[in-house]
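In what follows, chains are A, B, ... by sequence order, proteins preceding strands, each numbered from 1.
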Amino acid sequence: MKDRREAKDIDGGVKASPADAQPADFIRNIISEDIRAKRYDSRVHTRFPPEPNGYLHIGHAKSICLNFGIAEDFGGLCNLRFDDTNPTKEEVEYVDSIKENVHWLGFDWSDRLYYASDYFEQLYESALQLIKKGRAYVCDLSPREIREYRGTLTEPGRESPYRDRTVEENLSLFERMRAGEFPDGSRTLRAKIDMKSGNLNMRDPVIYRILHAAHHRTGDKWCIYPMYDFAHGLSDSIEGITHSICTVEFEDHRPLYDWFLDELEVYHPRQIEFARLNLAYTVLSKRKLIELVEGKYVTGWDDPRMPTISGLRRRGYTPESIRNFCDRIGVAKRDSTVDMALLEYCIREDLNKRAPRVMAVLQPLRVVIENYPEGKSEEMDAINNPEEPSMGTRKVPFSRVLYIEKDDFREDPPKQFYRLAPGREVRLRYAYFIKCTGVVKDEQSGEVVEIRCTYDPETRGGDAPDGRKIKATLHWVSAGHSLEAEVRLYDHLFLKADPDEAGEGRDFKSYVNPQSLVTLKSCRIEPGMMHAAAGNRYQFERQGYFCVDPDSSKGRLVFNRTVTLRDTWAKIEKTLKQAKKS
RNA sequence: UGGGGAGUCGUCCAGCGGCAGGACGGCAGACUCUGGAUCUGCUUACAGGGGUUCGAAUCCUCUCUCCCCAGCCA
């Protein structure tokens, strides 16, 4: 990670940038400038501050890579801090998954794991200070009344009738709030700012609310909890954060962030906002992802169709590919939607270099080699990874009865189709040339159920002594030796690039792609895969990258298709079909 | 109609007064025992109008469009 961008001295000197350095984003530019100006003692200290109320997704990965990446690049530090100020929504299950996901992505917070709830006592003290300064008051308005008093986007708000309570009264009331004397929703502590502000966040925002709820860390110790704006900035301050990076929807919270820290006269980090990630054909909001999980549109948070870190991981994505994706999408402030094709490019690029190749037939079509002796079999040498010779070779059994892919045979082939067809000769990868001499059809349906072929014994290993060229090379598997496997094919979770696009009264869930999961149960795979372990990634030659799913058990292999290979033929076929239509 | 942001190839990101560049996608070709990978080439963009300037994507100005904000969520 470190040497991709300009490397900076901690004291602000910019080192010569490596030749392959990417241009720095606007946030890194700001930080470089801060270092140059010797602000924050020339330190760089960021933080990733998730609320433990859901699983992390690829949008969070962008933020994680940004925050931890900046710390690495500038020789600084990045904390992991849980923003756990709302006990009604947060659970330990989520903090565990978040920690695991961040580690899996390849980042380390060392001993700097913090919780906003660690600071509850200090936060309370700060609230007291605000009250004493006359900058906060206990308000008895109900939630509905607070809303009414707030005004609207275009009309100013009205001041609460409780706004001018004395410091003593406020102090006593706030202490009694903490003591549990009042029911939920009956009172709040509010900052006294400006009910006429054009920025609604400044219209006397609530900073403490009463919530008689058990917190996953503090238990029943508290029945009042601080709001985000109050807790977040102060947590940043307490931790000595220099640059508090968040998404653009918090831009109009910044004046409030600054207000609290100024009023309290404490160390004051700088908040910087960037645009959150949008990805085509999926949704990236915790609320919507929860709906998909709870509505059983997917099997869980780690369903391989989910854009969650856990989902991508189970799908077969590597941490490297995700980090690389985050580098390539860049960081800016404008709204944008990244192509899924870029994510797919990143995982192909990574797996092409590291995934061992294997032959698997997804939709088997039986092939009988008429001139190959019955009962005979031989072992063919196959290369594990042409991109990486050090990965060696393996043996693949060959025999008289084989399976090839249904798609690799056409009884009546279009001109550009150069795979197997009656009378045609093709190469079986690492094996022999075979020629189709006939087909066997199902009497009822007329469907081709078996292909008859002859082989040329001179072509063993895949080369013809007479030098004749063969255009097509097919993957195959020996019927008698191969293993059965289940393969799960995934496609976009949604039919529309933007599932939120308003279709009169339609909900995003109505655009879920019914074909997003297609399960193939009778696939055949090389016998060498017998002991493939869950999580292992392979390239199924000519098809794509696949990963062993944890649903696998002894004798029952289940694979997830991570991504297809680039498929030129599929493209040709598509344009062929379109031409036919018009 | 209040406040805060943002507009550059199809998509994402650079460019910060001096030839608009990279990546992904797309198209074409080379090569190939994966129609994979690799390599080569091509394609297309400064929201609009005025101004300042020898020179504007960049500075000024007006306009248009898009996004966010009315939780005791974060």
Mind checking if [X] touches a base, just sugar-phosphate, or nothing, with heavy atoms under 4.0 Å?
| X | value |
| --- | --- |
| Tyr228(A) | base |
| Leu474(A) | nothing |
| Glu51(A) | sugar-phosphate |
| Thr568(A) | sugar-phosphate |
| Tyr430(A) | base |
| Phe417(A) | base |
| Ile470(A) | nothing |
| Leu153(A) | base |
| Gln543(A) | nothing |
| Met227(A) | sugar-phosphate |
| Pro255(A) | nothing |
| Thr88(A) | nothing |
| Glu249(A) | sugar-phosphate |
| Ser142(A) | base |

Take the protein atom [atom1] of [X] and the nucleotide atom [atom2] of [N], then report the distance between them rounded to whole Å.
| X | N | atom1 | atom2 | value |
| --- | --- | --- | --- | --- |
| Tyr281(A) | rC24(B) | OH | C1' | 15 Å |
| Asn278(A) | rA6(B) | CG | P | 17 Å |
| Leu284(A) | rC12(B) | CG | C1' | 15 Å |
| Asp84(A) | rA74(B) | CG | C1' | 12 Å |

Any [X] side-chain nitrogen or oxygen under 4.0 Å from OP1 or OP2 of [N]:
| X | N | result |
| --- | --- | --- |
| Ser336(A) | rC13(B) | yes |
| Arg287(A) | rC73(B) | no |
| Arg187(A) | rC72(B) | no |
| Arg348(A) | rC24(B) | no |
| Arg542(A) | rU32(B) | no |

Looking at [options], which one has an atom nearest to any side-chain atom of [X]?
| X | options | value |
| --- | --- | --- |
| Phe250(A) | rG36(B), rA74(B), rG4(B) | rA74(B) |
| Arg334(A) | rC13(B), rA23(B), rG25(B) | rC13(B) |
| Pro386(A) | rG2(B), rG36(B), rC12(B) | rG36(B) |
| Arg429(A) | rC73(B), rC24(B), rU34(B) | rU34(B) |
| Asp252(A) | rA70(B), rC69(B), rG35(B) | rC69(B) |
| Asp339(A) | rU34(B), rG35(B), rU11(B) | rU11(B) |
| Glu251(A) | rU34(B), rG4(B), rG71(B) | rG4(B) |
| Thr85(A) | rA74(B), rA6(B), rG36(B) | rA74(B) |
| Asn352(A) | rA74(B), rA37(B), rG35(B) | rA37(B) |
| Leu200(A) | rG36(B), rG15(B), rA70(B) | rA70(B) |

Pair assignment for [N], Watson-Crick or G-U wobble, requiring both distances under 3.5 Å:
| N | result |
| --- | --- |
| rA45(B) | none |
| rU40(B) | rA28(B) |
| rC12(B) | rG22(B) |
| rU65(B) | rA6(B) |
| rG55(B) | none |
| rA70(B) | none |

Q) Is the base of rG4(B) syn or anti, where syn means the angle lies within 90° of 0? A)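 This nucleotide is in anti.
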Q) For Ala275(A) and Gly198(A), take the nucleotide of RNA chain B holding the closest heavy atom to each; which residue's nucleotide lies nearer the 5' end? A)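 Per heavy-atom nearest nucleotide, the more 5' residue is Gly198(A).
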Q. For RNA chain B, whose closest nucleotide is more 5', that of Lys571(A) or that of Ala431(A)?
A.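 Per heavy-atom nearest nucleotide, the more 5' residue is Lys571(A).
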Q. Would you say Trp569(A) stacks on rG35(B), if stacking means ring centres under 5.5 Å apart and planes within less than 30 degrees?
A. yes
**Q.** Donor-acceptor side-chain pairing of Asp84(A) and Ser117(A) below 3.5 angstrom
**A.**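 Side chains of Asp84(A) and Ser117(A): pair found under 3.5 Å.
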Salt bridge check: are [X] and [Y] linked by an N-O gap of less than 4.0 Å?
| X | Y | result |
| --- | --- | --- |
| Arg542(A) | Glu405(A) | no |
| Asp236(A) | Arg81(A) | yes |
| Lys395(A) | Asp381(A) | yes |
| Lys288(A) | Glu291(A) | no |
| Lys353(A) | Glu320(A) | no |

Q: Using the C1' atom as the reference point in each nucleotide, state the distance between rG29(B) and rC60(B) in Å, no decimals.
A: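 About 49 Å, rounded to a whole number of Å.
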Q: Take atom C1' in rU11(B) and the same atom in rG26(B), then report the distance between them in whole Å.
A: 11 Å
Q: Over 60° means perpendicular and under 30° means parallel, so classify the ring planes of Phe546(A) and Phe540(A), tilted if in between.
A: parallel
**Q.** Aromatic ring proximity Phe250(A)/Tyr257(A), centre distance under 6.0 Å
**A.**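 That pair fails the under 6.0 Å test.
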Q. Can the positive tip of Arg429(A) be found less than 6.0 Å from the middle of the six-membered ring of Trp476(A), inside 45° of the ring normal?
A. no
Heavy-atom donor-acceptor pair, [X] side-chain to [N] base, under 3.5 Å:
| X | N | answer |
| --- | --- | --- |
| Tyr418(A) | rG35(B) | yes |
| Gln539(A) | rU34(B) | yes |
| Glu573(A) | rG35(B) | no |
| Arg566(A) | rU34(B) | no |

Q) Are more than 12 heavy atoms from other residues, nucleotides or ligands located less than 6.0 Å from atom NZ of Lys435(A)? A) no
